[in-house]
Amino acid sequence: MLDILKSPIVTFQEFILLAGRATTNIVRRPFYGSDVILQMDTIGVGSLPITILIGFFSGAVMALQMSRALSQYGATGQVGQITAITLVREMGPVLTALLVAGRNASGIASELGSMKVTEQIDAMRALGTDPIKKLVTPRLIATCFTLPLLTIVADFIGIIGGYLVAVPLLALTTSSQYWNNAWRSLEYNDIAQGLLKPLVFAVIISLVGCLYGIRTTGGTQGVGRATTQAVVVASVWIFVCTFLITRIFVNI
Amino acid sequence: MSAAATERKCILRLENISLAFDDGSKVLDGVNLAMWAGETKIILGAAGAGKTVMFKIALGLLKPTSGRIYLFGQDVTDFKEAQWFEVRSHIGVLFQEGGLFDSLTIEENVAYPLVNRTNQTPEQAHPAVKEALEFVELGHTLGKFPSELSGGMRRRVGIARAGISDPALLLYDSPTAGLDPITANNIMALIIQEREMRNATSAIISHRFQDGHIMANFRYNPESKRLERIPDDSPLRKSTRFVVMRDGRVVFEGSEAELDASSDPYISKFSMQRSAH
């Protein structure tokens, strides 16, 4: 029984240690600014087209689903409100995070994993560079900066998607009522949790990707295993954390 | 030990080093090794004998379960990673397969120790990088990426990077593994040149006896730009020592003649290889 628990506890401990070292490195010299910019480009700009696409369709499908339910109560005018709240509070952050987890946690794990098995990480240490500072911290900063921005884009595009379904396509409500409802329904609480979640998810995605990458053993097969594990673990933790954060905010 | 020998500086000393996995299996078991200034050590052994692990322990990349490590006269066993960076700046390393950074060009790879350790800008490092690459006859590859080079070329870039910061100790991990005999001999010739140019202490991990044989018997003649046999009475001959490892232990240490004379079937395997070629 203890042996079964040992591995996840050790992994969690390594995660916490990595998080601590990566965070303290943010304020320590030398700073690898160009690496941060490069990662922002890969993670942020690189994920933008797919985020827009997913954001649009999640808003559109939300309006479609709501159209039937709301028409039963004669409340189709509320479609803007429901789309906005659902997207900003939950769907936007979680879907964007899952997308970035699939795209970048895997990318980070495979890149660092390949570096590990080809001794590039050892070479980096031997040549006087801290791999955590050079590889992990820039990815952490870049993800924490870009994921909230991507989420804002996804939320906004999603509300536009909902609008296109609700107003021109199904004529559930008028244009001004949709936007007015969407705007007025959002409170500070919604915005706060809608922006806190991507920040927490960014920490999970970048550090889980880095942790599984750096721990890779067993050649190319190990790189594949690390990549899969990184995506699975990051996705599971995204769901666990969204539950916990929502639980806290529901009571506020 | 003679008075002259005691005066020589001990560059690296491993004292009773052991490394065990969680399940209790030992990778290294009480390894003792001392490297003196100007000495060349050829570390031979079958795959899995613990050669690379011993290297990584000497570089502080792995922590031993027990034993002490002394580098350049100081006990570095309990050094923190940040302290190790200073120690490692005096060591040049060639990893198996070169250990080059895929995402950087050859120029950036070779400049890496200078740019990161001495805070030189890439422009300031450029002349030294060009010279180091020309030394390994790869001056034309500055803008290329490691993936565009052959295995032997990558190894040569690794040698250029290992020597660029003028280290006092050079460690080469399997410099000739997986290379054809001609390329392998060219690499060994470069390592001999590097040894003589810098007068550095070198350790070479290998499973080929020929590598050690070349190191022990040849020197580089800068005038003819060729390797030439070291005269039998030259003191240079005594500076090359052979170490044989087996299952995490050092089972032999001595000169080439002593290695040849060994009656142990495992040890003599590494000298018998010579007759096969």
Side-chain angles (χ1 to χ4, degrees), chain A residues 2-3 6-7 9-11 13-14 17-18 20-22 24-25 27-35 37-39 41-42 107-108 110-139 213-215 217-220 223, chain B residues 21-23 52-53 55-63 80-104 108-119 122 146-147 151 154 157-158 161-165 167 169-174:
Chain A
L2 279 174
D3 282 345
K6 194 177 165 189
S7 165
I9 289 172
V10 168
T11 308
Q13 184 188 339
E14 285 176 11
L17 287 174
L18 183 70
R21 289 180 62 187
T24 49
N25 279 339
V27 291
R28 276 195 198 147
R29 285 173 183 277
F31 305 116
Y32 296 105
S34 57
D35 289 293
I37 303 286
L38 189 75
Q39 290 306 320
D41 184 49
T42 313
I108 292 170
S110 61
E111 190 184 352
L112 268 56
S114 305
M115 289 182 80
K116 176 78 191 304
V117 299
T118 54
E119 294 188 310
Q120 289 178 51
I121 291 188
D122 278 340
M124 198 170 265
R125 289 174 66 197
L127 296 174
T129 312
D130 180 359
I132 297 193
K133 193 178 281 182
K134 174 87 177 158
L135 300 172
V136 180
T137 307
R139 282 164 176 77
I214 282 180
R215 280 172 20 134
T217 49
T220 44
V223 177
Chain B
F21 285 135
D22 286 346
D23 62 6
T52 299
V53 171
F55 251 37
K56 289 192 174 173
I57 285 181
L59 272 169
L61 300 175
L62 287 173
K63 284 247 175 267
K80 296 203 167 71
E81 186 75 6
Q83 293 171 292
W84 267 105
F85 287 148
E86 156 58 22
V87 178
R88 288 182 198 136
S89 67
H90 304 291
I91 308 174
V93 198
L94 171 73
F95 284 91
Q96 278 179 13
E97 313 289 334
L100 303 179
F101 304 123
D102 291 337
S103 56
L104 303 182
E108 288 165 338
N109 260 293
V110 179
Y112 199 92
L114 296 180
V115 172
N116 279 278
R117 279 181 192 153
T118 57
N119 292 325
S147 56
R154 280 204 294 271
V157 174
R161 185 175 71 178
I164 195 157
S165 54
L169 174 64
L170 279 158
L171 304 176
Y172 301 95
D173 189 354
S174 311

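Order of the sequence lines fixes the chain letters, A, B, ..., with proteins taken first and strands second; residue numbering starts at 1 for each chain. Only this structure's heavy atoms are used, side chains among them; waters, hydrogens and symmetry mates stay out.
A distance of 5.5 Å separates CG in B/Asp102 from OG1 in A/Thr118, rounded to the nearest 0.5 Å. Separation of atoms CD (B/Glu81) and NZ (A/Lys133) is listed at 11.0 Å; rounding is to 0.5 Å.
With respect to chain B, the highest number of heavy-atom pairs below 4.5 Å among A/Lys134, A/Glu111, A/Gln120 belongs to A/Gln120. Listed options B/Leu100, B/Leu61, B/Ile91 were ranked by heavy-atom pairs under 4.5 angstrom with chain A; first place goes to B/Leu61.
The shortest heavy-atom contact between B/Gly99 and A/Ala123 is O-CB, 3.5 Å. Contact detail for B/Tyr112 and A/Met124: the closest heavy-atom pair is OH-CG, 3.7 Å. Nearest heavy atoms, B/Arg88 versus A/Arg125: NH1-O, 3.0 Å.
In terms of the ring pair (Phe, Tyr, Trp, His ring centres under 6.0 Å) criterion, B/Tyr172 has no residue partners (sequence neighbours excluded). For B/Glu97, there are no salt bridge (charged side-chain N to carboxylate O under 4.0 Å, His left out) partners at least two apart in sequence or on another chain.
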Under the criterion side-chain contact (heavy atoms from CB on, under 4.5 Å), I'd like the reasoning laid out for B/Phe101 against A/Leu127: C-alpha separation, chi angles, the key distance, then a yes or no. CA-CA 11 Å; B/Phe101 304 123; A/Leu127 296 174; 4.1 Å; yes
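With a 4.5 angstrom heavy-atom cutoff, B/Asn116 touches chain A only via side-chain atoms. Within the 4.5 angstrom heavy-atom criterion, no atom of B/Glu86 approaches chain A.
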